[in-house]
Amino acid sequence: MSQQVRVRFAPSPTGYLHVGGARTALFNWLYAKKTGGKFILRVEDTDVERSTQESVDGLLRDMKWLGLTWDEGPEVGGPHGPYFQSQRLHIYQEYARRLVANGAAYPCFCSEADLEAKRQKAEEEHRSVHYDGTCRHLAKEEVERRIAAGEPHVIRVKVPEKDYVLEDLVRGRVEWKAETLGDFIILRSSGMPVYNFCVVADDADMQITHVVRAEEHLTNTHRQLILYEALGIKPPIFGHASLILGEDKSKLSKRHGATAVGQYAEDGFLREALINFLALLGWNEGNDREIYSVDELIECFTLERISKSPGVFDHNKLIWMNGQHLRALSVDTLLPMVEPLLKKAMPDDPRLSNPELTRKLVELIQIKMNTLNDAAPVAEAILRTSQPESEEDIAMISTDKSKALFTALADEFSKCEWVRDGYNAAIKAAGKTAEAKGKDLFMPIRVKITGSGHGPELVGILDVLGRDEVIARLRA
RNA sequence: GCCCCCUUCGUCUAGGGGCCCAGGACACAGCCCUUUCAAGGCUGCGACGAGGGUUCGAAUCCCUCAGGGGGCGCCA
């Protein structure tokens, strides 16, 4: 009987939630959902200089928008709290005390200036820049004396002289030679713990079973393995996914445009589409499938199929995928998403106060949309009266023949039955009168009514505009 | 400098010794459908980083190199 899966997403609140972090969170979340496990959110805010409340708020907001809700963490609490590292300081102190007590760690009094000098010297001599272990063998009495004297010191772990092996879920076997690492710091002179130490203490304390994170942490795992060993705790299973790259193949950053999850929400992307896209960037089921609902993703997801190689974030494909999800929505689902956007763009339009017309409008424009933000411009093009801009269009509606057609059509429209069959017949009759057919018939009408040579289907536009408006536009 | 990871169309990827002179998707081009634009359908364009092995046979296994990325902090 295997224990329940416990996974976590542990961001540091030093900026917005970007797509890379979101994908890491997603992989963990999917795995928890798939296995019936728990998804834990832990905020790694030990870097007081850079952490901000604003970032925390944004992070929680974006996670919620994505629907990546957590079983334990900020706001919801849980049995292994607190879930902010800044509130767990006593826990780290305790773990550190334990390590010093059992001889796996020791106080180090070397000053930063000394270390910097040694580092430089090592670099000049082309040696690796590890801590040389000066304080490792200090006599117990001396240590006690210096601590009692209030001498500032850090706590370092004794790195054992041995190789370490990681069986990574996505990378396979990864090995580190003994000499690649020097005794590293776990507690700063301020008493604040250091990242690698917090992670191990927290993951152990929170009984995390699987650590799925980005590749930038792969080498950190070496240190963490050492810490687990020193603590006498069995390490979790690790899986390191690759980084997401910008379109120039460099690590994703702000200069790559919208990389913030919140920005995608604002730009009219569907959370389900972003999730679908992120999931497929660095994971696949082993087949050609592209479109998944969130539930389908949960069903198909496996950690073993996370890919090793880094991926470029392709905004174009995201847009396409969003369009796929958007078009798959029922009008009932889409309507409440789009309606506020339409009302915001055209606050005074009486037709938007008419539920039936609004619904028809949404039905009409759905196929033209790739993002929710496409709705208002498309709708505006129909609802607002506008004059054609291109020379060609202006010429088309200015001929005598076109003018005759519009007059005839206005007459026909004023007496026909205002349903699709009705206006189709009217258009046909007007065409006959003005001796126009096919493209010469429909194009001028479209341009005259909407001011543009393209847009949604004409009959749908007539539906939405209504008889009076259409006739007025024809006679204008 | 040292350590670790990665390398299939422009991009996301399938593939894991013969099924592959490499399949799908986005993008791009053309055609079809259509009263327009979309959407949809079809077709085309387009890749195994390089060099050595192993093998009857290599995108696939091994080695070397190159390129890219990450780490080597009292950052996370």
Side-chain angles (χ1 to χ4, degrees), chain A residues 10-14 44-47 49-51 85 108 110-112 115-116 119 122-130 152-156 166 168 170-172 174-177 179-182 184-196 198-199 214-223 240 242-243 245 247 249-251 277 280-291 307-321 323-324 327 365-370 378 427 431 437-447 450 452-459:
Chain A
S12 55
T14 54
E44 309 215 322
D45 57 349
T46 50
D47 185 355
E49 307 277 289
R50 297 197 300 147
S51 298
Q85 285 188 331
C108 164
C110 296
S111 72
E112 285 195 64
L115 292 173
E116 185 51 41
R119 207 173 286 138
E123 222 162 293
E124 277 163 24
E125 291 168 9
H126 298 292
R127 288 183 289 110
S128 30
V129 288
H130 303 144
H153 61 278
V154 300
I155 303 294
R156 309 185 94 106
L166 167 68
D168 192 274
V170 347
R171 311 237 151 219
V174 180
E175 298 172 287
W176 291 277
K177 293 275 174 239
E179 64 276 8
T180 52
L181 206 56
F184 56 92
I185 294 171
I186 56 174
L187 234 48
R188 298 177 243 235
S189 52
S190 62
M192 283 294 271
V194 124
Y195 169 76
N196 279 299
C198 299
V199 169
E215 197 197 326
E216 51 190 319
H217 294 293
L218 186 57
T219 8
N220 283 328
T221 312
H222 185 191
R223 291 158 189 256
H240 290 89
S242 306
L243 263 16
L245 273 22
E247 308 211 355
K249 293 218 176 196
S250 71
K251 195 178 170 184
F277 180 79
L280 253 36
L281 218 193
W283 173 85
N284 73 80
E285 209 189 327
N287 54 28
D288 291 337
R289 189 164 176 192
E290 301 272 353
I291 303 298
S307 69
K308 293 198 248 266
S309 43
V312 173
F313 192 92
D314 184 354
H315 191 75
N316 252 334
K317 190 155 183 175
L318 205 214
I319 290 175
W320 168 79
M321 195 170 271
Q324 294 292 313
R327 267 169 245 121
I365 62 178
Q366 179 174 23
I367 203 167
K368 312 279 296 182
M369 297 166 55
N370 278 323
V378 177
I427 291 171
K437 60 181 176 182
K439 226 172 181 172
D440 292 336
L441 172 60
F442 285 94
M443 274 312 268
I445 296 173
R446 167 182 293 281
V447 172
T450 69
S452 165
H454 30 249
E457 55 163 0
L458 189 56
V459 287

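Quick caveat: nothing in here was measured; it's all calculated off a predicted structure. Letters A, B, ... mirror the listed sequences (proteins, then strands); counts begin at 1. The basis for the numbers below is simple: all heavy atoms, side chains too, and nothing from hydrogens, waters or symmetry mates.
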Set out, line by line, the N/O atom pairs under 3.5 Å between protein and nucleotides 19-22 of chain B.
none

More 5' along RNA chain B: Gln85(A) or Lys308(A), using each one's nearest nucleotide?
-> Lys308(A)
Which atom of Cys198(A) lies closest to which atom of Thr46(A), heavy atoms considered = SG-CG2, 3.9 Å
State, to 0.1 Å, how close Val312(A) and Leu281(A) come at their nearest heavy-atom pair, and which atoms those are.
-> O-CD2, 4.1 Å
So which protein nitrogen or oxygen atoms get under 3.5 Å of nucleotides 39-47 of chain B's nitrogens or oxygens?
from   : atom 1 : to        : atom 2 : distance (Å)
G40(B) : OP1    : Gln324(A) : NE2    : 2.9

Who pairs with G10(B) - Watson-Crick or G-U, where each distance is under 3.5 Å | C26(B)
Rounded to whole angstrom, note down the P distance from G40(B) over to A25(B).
-> 12 Å
Any Asn284(A) side-chain nitrogen or oxygen under 4.0 Å from OP1 or OP2 of A14(B) = yes
Contact class for Cys110(A) vs. all strands (heavy atom < 4.0 Å): base, sugar-phosphate, or nothing?
-> base
Might you point out which heavy atoms bring Arg223(A) and Phe184(A) nearest each other, and give the distance in Å?
-> NH1-CB, 3.4 Å
Have a look at His217(A) and say if it touches a base, only the backbone sugar-phosphate, or nothing, with a 4.0 Å heavy-atom cut-off.
-> base
Integer angstrom distance from the C1' of A39(B) to that of C32(B) | 14 Å
Please tell me which of Leu187(A) and Leu218(A) maps to the more 5' nucleotide of RNA chain B, matching each residue to the nucleotide holding its nearest heavy atom.
-> Leu218(A)
Pairwise P distance, G68(B) and A59(B) [rounded to whole Å] | 26 Å
Would you give the length of the straight line joining atom CZ of Arg156(A) to atom SG of Cys108(A), rounded to the nearest 0.5 angstrom?
-> 4.5 Å
Should Ser307(A) be listed as having a side-chain N or O under 4.0 Å from OP1 or OP2 of U13(B)?
-> yes
Minimal heavy-atom distance between Thr14(A) and Ser51(A), with the atoms involved, is CG2-N, 4.0 Å
Which of these nucleotides, C5(B), C72(B), A76(B), is closest to any side-chain atom of Val194(A)?
-> A76(B)
How far, in whole Å, is G24(B) from A47(B) if one measures between their C1' atoms?
-> 14 Å
Heavy-atom nearest pair, Asp45(A) first then Pro13(A), reads CB-CG, 3.8 Å
Taking atom P in both G49(B) and G10(B), compute the distance separating them and give it to the nearest angstrom.
-> 12 Å
What nucleic acid atoms does Glu216(A) come within less than 4.0 Å of, heavy atoms only: base, sugar-phosphate, or nothing?
-> sugar-phosphate
Closest contact, heavy atoms only, Leu243(A) versus Ala214(A) = CD1-CB, 3.8 Å
Looking only at atom C1', what distance separates G51(B) and C4(B), rounded to whole Å?
-> 24 Å
Assess whether side-chain hydrogen bond (donor to acceptor under 3.5 Å, both in side chains) is satisfied between Arg171(A) and Thr221(A), documenting all intermediate values.
-> CA-CA 13 Å; Arg171(A) 311 237 151 219; Thr221(A) 312; over 6 Å; no
Over how many whole Å does the gap from His454(A) atom NE2 to U35(B) atom C1' extend?
-> 14 Å
Spell out yes or no: do the side chain of Ser242(A) and the base of C6(B) have one donor N/O and one acceptor N/O closer than 3.5 Å?
-> no
Roughly, in whole Å, what's the span from CG in Asn196(A) to C1' in C72(B)?
-> 12 Å
Is there a side-chain contact between Asp168(A) and Leu218(A), using heavy atoms and a 4.5 Å cut-off?
-> yes
Base, sugar-phosphate alone, or nothing: which one does Glu457(A) contact when heavy atoms must sit under 4.0 Å apart?
-> base
Give Gly323(A) one of three labels, base, sugar-phosphate or nothing, depending on what nucleic acid heavy atoms sit under 4.0 Å from its own.
-> nothing
Salt bridge between Lys317(A) and Glu290(A), side-chain N to carboxylate O under 4.0 Å?
-> yes
Describe the nucleic acid contact of Pro456(A) in one word from base, sugar-phosphate, nothing, applying a heavy-atom distance below 4.0 Å.
-> base
